[in-house]
Structure formats: C-alpha cells, structure tokens
Amino acid sequence: MAMGALLVCEARAERLIGVSKSLGHIADINPANGVVSNRVKLSDIACPAAYDIVSLATHPDTGIVYGILNDNPSMLMTVNTATGIVTPVAATGVAGAIGWISTITFGAGPGYPLYAIVGGDSDGGAVGSIHIVDPVTGAPTATGWATSGSGGGAHALEYNPDDGLLYHFYNTTTGGDGTTLLETIDPSDGTVASVSLSGDNPIAVNAITYMGSNTFVTFNRRQVDLYSITTAGAVTKLTSPVESNKTRAIDYAGANTLLVHDGESFYNLTLGTLAVTNRVAFGPSITCPPPLYSIARDPSTGDYYVISEPTYPDLRTASHLAKINIATGALSDEVELSDPGIYGITFGPGGQMYGVTSLLPQSGGTIEIGSVVLIDKVTGAVTDPGWNLPMNDLNHSIEYNPDDGLLYRFYRGSLGLTKLDKIDPNTGSHFAEIDLSPQPNSSFRGVVYKGEGEFYAVDSGGNFYTVTTTGVTTARGTHQGADEFFEGLELAEGDPPSNPALKALLQRKIKKLKKQLKVAKQKKQIPKAKKLKKQIVKLTKQLRALG
C-alpha cells in the first residue's frame, strides 16, 4: 500500500477543461456528456507557416499584399514584403467553408472585392467555384457563377482592370497535366465566354499575375517555366528562370518586376534579365495554434502547464513545456524539454511533475517508450528514474490519484487493448496491470482523476468516458467532431467563464416575466403572481451564477 492513508486530499473541482491538438483550443467539457463549450484559442507562441502561400494579391488602394495558404481550410494572410513576415487575417482559418483556394485576386468597384477560386483536390466547396472573400473577416460568399472545369485539376483566376473581366485558367485533367483552357467571366453579371489558346502549352497555370498591356505572366504547375499569355489567348514560353524551381506565387510589382514567393522567401524578379533582388526569408514569426498533448494543474501553485510537441513544419527539435492561462489561452515561461518524447504530464506529491513517453509524436525521444520520467517544471530537464517498468506500445497517458497516492498509466497494448497499470511514485514499484472493460473505442489521450475512485478520459475518436481504478469503463458521450478530440484533460479551479448568449437569454426571460407579474398583480391573480415570482427568483439566481 502506498501513502494514500496519510494524504490529505485536495477537494477536486467539477469544472473539466481540455486541450485540442488539431485546433489549438482550450475549452470546457461537460462532465455529464462531453459537450464542449467556452472555446479559447491558444496564443503567444510562434511557429512557421503551416504550408506554402500559393497566391498573392495586392490591394489596389492600400498596397497591402495578401496571400492564401495552401491548406484545407485555406487561410488568408497579409504579407510584409520588406520583412517576409506573414500574419493571419482570421485566427480560425479563412474561407473554411469552401475548402482549398488556389488563387486570389482583387477586382474593381466599391471595396475592391477579393475573388477566390477553389482549386483541385478540394474537399470543401465545388472545384472551380468562385467566391468573394471578406479581406477583414475572411468570410466567403459564393458568386454562383457557372464556370467551366469543375472537378478538374488546376485552377487559376486573375482580374484584368483594363477590360474589367476575370480570367479563369483551368485544366480538366486531374493533377493538371493536360491542356490548359481559358475563359473570361464578367463580374457584373457572371457571363462566361471561352477564349482559344494558341502557341505554347503551359500544361497547367499555377502562379499568375496581370502586368498590363493585355498580358498575363505565369509560372506553370511544374514551377520552372515562365510564360506570357495575352488576353487574346496567345501563349509564349519566355524562359526557365534559375530561381523559379520552387515558385509558388507571384504578383506584379511594377516596372517589369514580379514579386515572387518560393516557399522559403520573397524576392523580386526582373523580367527579361531575370535579376533577383530584395530577397527576404519567409515568415519566421507567423503565429499559429501549437499542437498540445497534455494539461496538468500544479496543486502547490495553482498554475496550469501544457506540453506542445514538435510537428511538421514547426522547426522545433524538441517538445516545449509552458504555463497556460486557461481564461485567455496565453502561454508563458516556455522551456524546452530535454527529451522530446514526452506525451502526458501530471503532478504528484510535493508538486513533482511526472511525464510519460510515447510513440506519438515521433520526435526522436531518447528515453524508452512508456517510461515514467521526472520533469523539472522550471528548467524542462527530464530525468529517467530507472524504474524498470514494462515497456508497452503507444499512446500513453499518466495521471496521479491523490486518494491512493499512486500513478496510473493508461496505454494501448500490443494486442490493441487499452490497459492501465499502477506505479508507486516513491519506489517505482509497478503492479495491477488491468485490461479496461468494456474496451473503449480507441486509445485514451487525455485522462484526469475526478475523485471517488474514478477518472475522466477521452479517446482518439472524441469519445468521453469515466474509468474506475479497477478498470470499469463507462461511455458518457462524444465530442462535437472526431477532429476536435482533446489530448489532455484537467479539473480546473473556479467557475467556467460567463456565457454572453445565455446571460442575454436569461435577461430577456426575466424582463418578460416581470411584465407578466405586473399584469397579474393588477388583475389580483394571486396564484399566478406567486408562480411568476418563483420563476423570476430561480432565473435571477442562474443569471448571478454566470457572473
């Protein structure tokens, strides 16, 4: 028996919070059914852009350069061409309702509409469909224009201010390896007209820009060859610029010069001479949600800690440990862990942080998978106490139980069964390896001890459970989507943040009931008045509880 009989256990709160790997959110979870609410986006952490910018467009009035990230959902960015830094316009991902955007271009008229076309391989909106994107909020509005090439491969769109038409270059072959076709679209009424191309075949138009004089310049899909295309459809292969082998996006910068993005930098390319100037590195300070794999509260200080793991294309080579403000999502006191393979964390006796190593993420950890380690929360130093535990398979989680003074390790065994075992943190003694029954749908990610011999747990499919210390598992509900499952759970101190929508609803109901009470008193409807008073008192208490 461990030191459970000597422990004075801290009262466990019933506010359950979790962190999301895929979305970079922290949120409240209803312990009764797993419903997620009060989302807060994580902040204050820097990492490189997730994917390449595939299109650039300059606002005609402000001169601000916008880019679209090759992602699904796509994200609209602003680009500082002097520093190379790109900044998200919308934290949640722009134009998420329409999937993968291949090109953006500014039109003419009030507000200069920002047009976007859905590219190939999109699992969002229809391929080839054109939308107008709000450059402030990122909200997309479908135009409904009947463009050609839906369902095909490459799509590019560019506005010509000289004739007021949009030019849609497309390739009906999946992968964009066939013949390029061209049509014009009148943005005043959506009228579509085909244009015959002649001369060289650019295979598939990739980056494109209008440079005036009824001429477009484009790099093809192979990102090597440079072409000019006239509004009449004449295609001419110009050359194969040395610097274009990684070309992702271009925009006309004036004076016969292109602004080029190559996935690593921005630079200017002078047409004719192909001289390269003003090269700057691409976006080292772009902010994005980090993937989080665990959250734990230090009972000695009340601080919450999370682990963010290295993942492509993050340039980190190690996992990071940081404090988190669960109200704002701000991270602070971030340190690099000396071993990158830490997956789960928990606090044991005396404020000691424990961790468990895992196969995921595959980040080059040096300590054997499944090991329970000691973590210095200030320096990030990871120490293997050498407890000689059975090394199991993957997806390990760990949680301390203050009622019996033991560490509980949850993992997916080699036969595909989710198990738990118990470890004495004083001696490292291992015992009571248990198969959970009934088995959860998949391995657990986040686990937290709720008290009274039970844990809350969530699996990799977003399913929510309670699990007893003897392995009895009970399904409680499912999160809102499998991509929103939570990698870490913790019971938080204090009440959940106020819900503005619920507060407004309660205020309206109370106001309505007070009017009814006034009428009931005037009509001397005593029983009705008493009933209304009770309802008002009840709703007022609920309103006050929201803060």
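Hydrogens, waters and symmetry mates play no part in the numbers below; they use all other heavy atoms, side chains included.
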- Task: Give a yes or no on whether Q522 atom CD has more than 12 heavy-atom contacts from other residues, nucleotides or ligands under 6.0 Å away.
- Result: yes

Is a donor on one side and an acceptor on the other found under 3.5 Å between the side chain of [X] and the backbone of [Y]?
{"X": "T473", "Y": "Q439", "answer": "no"}
{"X": "T357", "Y": "G370", "answer": "yes"}
{"X": "T468", "Y": "T470", "answer": "yes"}
{"X": "E454", "Y": "T466", "answer": "no"}
{"X": "S55", "Y": "I104", "answer": "yes"}
{"X": "T143", "Y": "I130", "answer": "yes"}
{"X": "S443", "Y": "Y411", "answer": "no"}

Measuring from atom [atom1] of [X] to atom [atom2] of [Y], what distance do you get when rounded to the nearest 0.5 angstrom?
{"X": "Y400", "Y": "I423", "atom1": "OH", "atom2": "CD1", "result": "13.0 Å"}
{"X": "E399", "Y": "R409", "atom1": "CD", "atom2": "CZ", "result": "15.0 Å"}
{"X": "F464", "Y": "D459", "atom1": "CZ", "atom2": "CG", "result": "11.0 Å"}
{"X": "I307", "Y": "Y343", "atom1": "CD1", "atom2": "OH", "result": "11.0 Å"}
{"X": "H131", "Y": "L157", "atom1": "NE2", "atom2": "CG", "result": "11.0 Å"}
{"X": "R476", "Y": "N463", "atom1": "CZ", "atom2": "CG", "result": "13.5 Å"}

Just wondering, do [Y] and [X] contact through their side chains at under 4.5 Å, heavy atoms?
{"X": "M353", "Y": "L321", "result": "yes"}
{"X": "L114", "Y": "L76", "result": "yes"}
{"X": "D28", "Y": "R15", "result": "yes"}
{"X": "Y304", "Y": "I17", "result": "yes"}
{"X": "N401", "Y": "T469", "result": "yes"}
{"X": "T346", "Y": "Y449", "result": "no"}
{"X": "D303", "Y": "K377", "result": "no"}
{"X": "K533", "Y": "K521", "result": "yes"}

- Residues that V65 engages under side-chain contact (heavy atoms from CB on, under 4.5 Å), provided they are two or more places apart: L56, T58, V79, T81, L259

Shortest non-hydrogen contact from [X] to [Y]?
{"X": "K450", "Y": "L491", "answer": "CA-CD1, 3.6 Å"}
{"X": "V467", "Y": "A457", "answer": "CG2-CB, 4.3 Å"}
{"X": "G67", "Y": "I53", "answer": "CA-CG2, 4.0 Å"}

- Task: Only counting residues at least two apart or in another chain, list the ones meeting side chain to side chain donor-acceptor pair (under 3.5 Å) with Y456.
- Result: E14

- What residues, two or more places apart in sequence or in another chain, satisfy side chain to side chain donor-acceptor pair (under 3.5 Å) together with T141? none

- Could you please spell out the steps behind the side chain to side chain contact (heavy atoms under 4.5 Å, CB included) verdict for T301 and F347? CA-CA 11 Å; T301 64; F347 281 93; over 6 Å; no

- Task: Run the numbers on V448 and L16 for side chain to side chain contact (heavy atoms under 4.5 Å, CB included), then give the verdict.
- Result: CA-CA 9 Å; V448 63; L16 182 65; 3.6 Å; yes

- Task: Test side chain to side chain contact (heavy atoms under 4.5 Å, CB included) on V378 and V335 and set out the steps.
- Result: CA-CA 7 Å; V378 177; V335 293; over 6 Å; no

- Is the Y112 ring parallel, tilted or perpendicular to the H59 ring (thresholds 30°, 60°)? perpendicular

- Do F106 and D61 pass the side chain to side chain contact (heavy atoms under 4.5 Å, CB included) test, and can you show the C-alpha distance, the side-chain angles, and the key distance before you say yes or no? CA-CA 10 Å; F106 280 100; D61 266 356; over 6 Å; no

- Message: For F455 and Y408: C-alpha separation, side-chain torsions, deciding distance, then whether ring pair (Phe, Tyr, Trp, His ring centres under 6.0 Å) applies.
- Response: CA-CA 10 Å; F455 300 86; Y408 284 69; 5.0 Å; yes

- Task: Given side chain to side chain donor-acceptor pair (under 3.5 Å), test Y305 with D298 step by step and report yes or no.
- Result: CA-CA 8 Å; Y305 288 79; D298 184 348; 4.8 Å; no

